[in-house]
Amino acid sequence: MFHAIRTPGRMRDQLKDMQTRLREIAAAFLERPDALFFIGWEMTPDEKETRPFFARNPRQAQRLVWNDLCHPNPASYLPRLRDREGMIGVAVKGCDARALRELIRANQIERKNLFVLGIPCTGLVDPNTGAIASRCAECQYPVDFDYDETLGPMETPALTVERSAPDLDAMSLQQRRAFWKQELDKCIRCDACRKICYGCYCPECIFEMSDPKWATNRGDLADKIFYHAVRAYHLAGRCVGCDECARACPMGVRLDLLNRSLRDHAKEMFSFDGAGITDEKPLLRTFSTEDPDPFFGGDE
Amino acid sequence: MSRVKVGVFVCHCGSNIGGTVDVPDVVEYAKDLPLVHYSEDNLYTCSDAGLTAIKEKIKEHGLNRVVVASCTPRTHEELFRRTCEEAGVNRYLFEFVNLREHCSWIHMNQPQEATCKAKELVRLGAAKAARLRPLEIARAQIKPACLVIGGGVAGLSAAGSLAQQGFEVHLVERNDRLGGLTVDLWKLLPGDRPASELLHTLTARVTKNDNVTLYLSSELNEITGFIGSFKATLSTPSGKKDIEIGTVIVATGAVELEPLGLYNLGKTEGVITQMGLEKMLSDGRKDLGDVVFINCAGARGPDREYCGRLCCAVSIKNARYLKEADPDARVTVLQRDVMAFGTEFETEYRKAMCAGVRFIRFSPDRPPTTIGNDKVTGVRIYNQLTGEESDLSANTVVLTTPLAADSGASDLAQMLKVPVDKDGFFLEAHLKLRPVEFATDGVFIAGAARFPADIGEAVAQGTAAAAKAAAPMFAGEVSVEATTALTNPRLCSGCATCEAVCPFGAIEITQDRHGRPVSEVNAVMCKGCGACAAACPCGAIQQLGFTDSQIFEMVRSLARDGDPSGSEG
Amino acid sequence: MTVIGYMKRSALEGVLGDISDKLEVIAPLPSGDKGAVELRRFEKGAQVSIGPVKPMLPLKTIFLPPVEQIFRFSKSENETTVTASTPITRDRVVFGALGCDIAALALIDEVFLREPVDEAYRERRTRTTIVALACEGQGPECFCASVGIDPVRPGGADVVMIPVKDGFIVETITKKGEQLGTMLQGALRDPTGPQKKTARSFTSTSRSDVDLSAPAGGWSAVWESEAWEDASARCIGCGICTVVCPTCHCFDVHDERHGNGGERFRKWDSCMAVNFTMMAHGENPRPQHRARVRQRYMHKLVYFPENHGAVACVGCGRCAVACPNRTGIGEVADRMREREEDSNE
Amino acid sequence: MNELMMIPLIARIRSIREVTFDTLMFEVAIEKDGKEVPFSYLPGQFAELSVFGVGESPISITSTCTRPGLVEFAVREVGLVTEAMHNMRPGDNMGIRGPLGNGFPVDEMKGKDILFIAGGIGLAPLRGLINYVLDNRSDFGAVDIIYGARAPNLLCFDWEFDTWKAAPDTRVHLTIDAPAAGWNGSVGFVPAIVKELALPPGNRLAVACGPPIMIKYVLEDLAAAGYRDEDVITTLEMKMKCGVGKCGRCNIGAKYICVDGPVFRLSELKTIPSEY
């Protein structure tokens, strides 16, 4: 049932212990009369990956797993569950907790309806390559959150993983444009990136609206670029770097790079340190006269 | 909805537009635009003849959208809107195209290009006009009652003035007595009148008028609502009290800064502040020996950049009193420069110097220091003009500190949803144009709560705020702009971004019937600035009169028809 | 079915190059840098990726493109001229089509070739020759054998290529196939006995144990079932399953204006999209996620069989592969049938 | 069959008539290759009307196939396409594909008494059928028409009422939701009038069309009054795109509203899921 690929043996035992405790805690939560379900992870049928799992009773809690393949972000299911009456248990690792914090801040779920179990994560593994997942290389947890329980101190693991992605900043403008054209042309506009994103909780996406009609639906490269650019800007300052968009993309578009570059710029230009970490307002929803404005020839 | 019929009226504006733009050509062009049913040019559309033409053509052609392409909406939009209204077309079905300032004046030397641009501007205006929807002006009833927060000089002046005009006034004072800081003052400039005399007059106006309800030792707990109908809860010694008022005047004043430690204030006996001195003087103590005043104490530095404004006058006043009371005492004022504005204060300055008060200028780079361990014995001063350092003997050192914002101001500001500046003072709507108003309708500001003010200014501002507050209360109602923001609850995620960005406190997150958070715009409080519409991540807020679909129609019109080859836009 | 010869693998690109002078050639070509494969137009010199990787987008893209212009129009004064768009300009051949995908075409035919016939679709169908690649099962997700499809010599193929050592045994099935066969002649050799034997005994590893049959009491018995709640719980509603499904064929229609003219086009749509059934006046008869998930599976397993006599699933397994949560139709059908308490799919 | 499958003919607007404040009736002539062509249809069928460059909408045909000439569509402004239609003038062209859908089972209705029940714009598809029945008056038994709207000025096709009332053995029962100045007729919701009239089933068919909430109550009341499910006919509405059973969105269960409907007998509706 347990697939650690790069995680060393000693840590593997540690993960297994955590899994046991996760199941105990979830089962105990599900004994509560007001408990609806506990959202965590289970192994996929081929046992190569994990997927979200909604445990409804203590027996089902035994299907929950915790290991270095727990990529999905359980917090992203919460907005659509906000009308449910009762308590929802949810297991979160650092990146998920950042998303959860943003969701609570944006009124998408009420803290009082949640039982939050914090899991100290030591880095996830990419099931295809066996290497540490790229998002974990720049992880900024522990995240400050009022967890109901945790499986240990929410500390930052000392991961010294280099970014393996193409260095976009080193590219010329033309090269970068060519890179993104090629990358975004793979998109088939299936919307998986949008639907899996914790931050895409608008009741109706502007790309679905017919009046006003924000976007054409021709599906050509211009449309694809428009879609991804708007989405990236929309998430600037809210993206918590969980990379679920890239994982969900069936065509392998490097959406993680797109969002990451916006996060980098936010840090560089506005000293904005990433969503879900502080109580700073989302970047693009604030205005300060000291904001740099290089586009209009202002101070860099 | 009946079919859209747009009428386009292009103005020559004498030669202002007509001298550059080929107006008849623009009119011909407008005739072929989608949904345009009529188009004509006028020498002056704003003239009687022009306005009559608009009304006649509305009737004759059944026009239900009107576009005027002329000078500027700043001066003429209201005129044309009214004209439409008179002809039975909703005033918001009018669209202004600014041909003079956006086109003819700035392209005076390129008539051909200007004509081309004029056509495009008219096309955009007509495209938007076709999507305009009638809007209704909301009116709010104004309850003729005012809440005055603060019973100092400004608050008393405001309350007295309103009460005399017959309005119901609720005056709330935190302390157990009226008068604010003035209570502790001895004599006032000019004229050396005792402060108590002035206070007596001001207080009597308030306490003897039945229109005023006085709440001493009371504070404002909560306030909701908007111009015309605020609901406030006061905590009074006899418990909570709910009141309803139409307007609010903030006159909470300020406090004297007490920079403990500065010049050994609070550490060495004999180092006091001006308020301390005033109290002593009021108590009849004048035997203070040699006195050194140190001005700009705690002001005009890195922590507090502003000038206290009245400090110089205060030190001039008190230095003279002391010198006059004890001519043998050495009275010295250490100053960075003297701000004795106006002839009255200039005269006071002279009188002090004639009385024998010494004024020595120091530099903030080498500030004076007090001498003496337990009790102050002197002040070491580097005289900026002579370049010499010397020691002055002093039995008393008086620090002239500025007035500072009350620590409670920011809470009050949050409650009223009005801004404060970086020093914590309340911020008015416009320094020059709207000095006693907030941007939020129905809330006004007077006195030192805004910025250090002397007694005369506080009285003037209190009276001015009362006049401003009285205007809507006399009218009994206000009409509010219809081009406000509107939330589409179906699209709203309830994320409260709008609430955070609204500068007028006009948006509230409420719950819909399913208990979901949803944004609600208060049309009376909304000023139509559009900040929320721009910030809304879901596209759920529309700015009426500038809706996305109206703007898109303009963009689409520009993109679609802008390229005569008809290639993809 | 006639064996017409043996073709060396190494000869394939050359043959396709020759054919591309006469026909438009479509073949699985490498896409991107992660070993993905895409059915695209073959240009001379390109390397074909025929073999172990299934294209993420199925064969339907060739007949029902993701975005397809229906007509152009132009307006003048009071006249509007409508010009139907030309679906294809040349006859075409698709190489390396898989049994599951070809079987799916027969299902789409049921919808698009019944009255009123979709002319664009028919034209693409009739003017395309399909060369199947006998499929030994391209992944653990494959279960075409479970839904009665022959992955080796699928019905609907005109020509079949059966992989043998270093090449293929080529068999023609239809008239159209024979015509194509003549174009292949130059590259064919007589097959050896062992080659023929390998081809004859070629089998697929496709799973045959996936059960899409109705639950006890029929599908109507589970209409209100809690199991739909489970099935929709983890589903994020992205609709990628409908994109990669070889039998999904729903589309949306859009107009665009350009200058005095414009176009109408259709575009794949997905029943998983919230606004799929959103009406102009703002009402949505299928507003809940749960109802949309149910619609998708009921359409495949109940409505389509009721209207056309066959389950609208060809066992390609793409839905499970593409799904961010790796949920396939088989798993859902199992849960519906069992409705065991432990379910959560 | 191209004009059904995605390629529209031209519907040239000959005249426009105001039905209510938000509903216009377009009288159109159908053209193919610049020439007027006949357009034959059954009562209850619909067509996909389009504004080129804006989009298509399914609109029921409100004119009567027994009266050759222009084809009529009553269009209420609800969205972008209908808004664009409302801005058109006589002489303009729309696109048209049709007729689509099954239409009312007129042959099977012959020899029966008929009770028409309509609310608001729901009269649009029934108007064609009512006029068909009246044009073939001797083929049908007694005719009763119950029609209601929120207010007097929202009653559609009021110019028809007198003609209908004048037809032999035909009664028109008009109602509005709430009392209004100048209105002397019945006041009350349509289902209430249905109950009040209490027309016995006997040899009678009921044909109902209107807003969903009205239909819900009317169907309940008819059942309570003893109408058999196969004698109650209604029309359904659902989002459509192609109108010919291919785009896949207007199904309820295995039935597609566009090809299997929009007209259904209650007995058919009972075999398909109650939810979409």
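First the proteins, then the strands, lettered A, B, ... as listed; each starts at 1.
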Does the Lys NZ or Arg CZ of [X] fall within the cation-pi geometry relative to [Y] - under 6.0 Å from the ring centre and within 45° of the axis?
X        : Y        : result
A:Lys213 : A:Phe207 : no
A:Arg98  : A:Phe145 : no
A:Arg189 : A:Tyr227 : yes

Under 4.5 Å from any heavy atom of chain A - which part of B:Ile551: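 Neither part.
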Donor-acceptor contact below 3.5 Å, side chain A:Glu183 vs main chain A:Arg254: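 Present.
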Main-chain N/O of A:Ala246 paired with A:Asp256 side-chain donor or acceptor, under 3.5 Å: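 Looks like no, no N/O pair under 3.5 Å.
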Who among [options] has the most heavy-atom pairs with chain A under 4.5 Å?
options                      : result
B:Thr547, B:Ile509, B:Leu491 : B:Leu491
B:Ala534, B:Pro517, B:Ala531 : B:Pro517
B:Arg516, B:His514, B:Arg490 : B:Arg516
B:Ala500, B:Ala535, B:Gly494 : B:Gly494

A:Phe115 and A:Phe38 aromatic ring geometry - parallel, tilted or perpendicular at 30°/60° bounds: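 Answer is tilted, since the angle falls between 30° and 60°.
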Leading residue by heavy atom contact count with chain B [cutoff under 4.5 Å; candidates A:Glu110, A:Glu204, A:Arg82]: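 Top option by heavy-atom pairs under 4.5 Å: A:Arg82.
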Residues in residues 100-108 of chain A near chain B [non-hydrogen atoms, under 4.5 Å]: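 Near chain B, by residue number: A:Arg105, A:Ala106, A:Asn107, A:Gln108.
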Any B:Lys527 side-chain heavy atom under 4.5 Å of B:Asp441 side chain: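 Yes, close enough: below the 4.5 Å cut-off.
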Heavy-atom side-chain proximity of B:Asp548 to A:Met209 below 4.5 angstrom: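 Side-chain contact under 4.5 Å: no.
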Distance-only donor-acceptor check, side chains B:Glu508 and B:Thr510, under 3.5 Å: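 Not at all, the side chains of B:Glu508 and B:Thr510 share no donor-acceptor pair under 3.5 Å.
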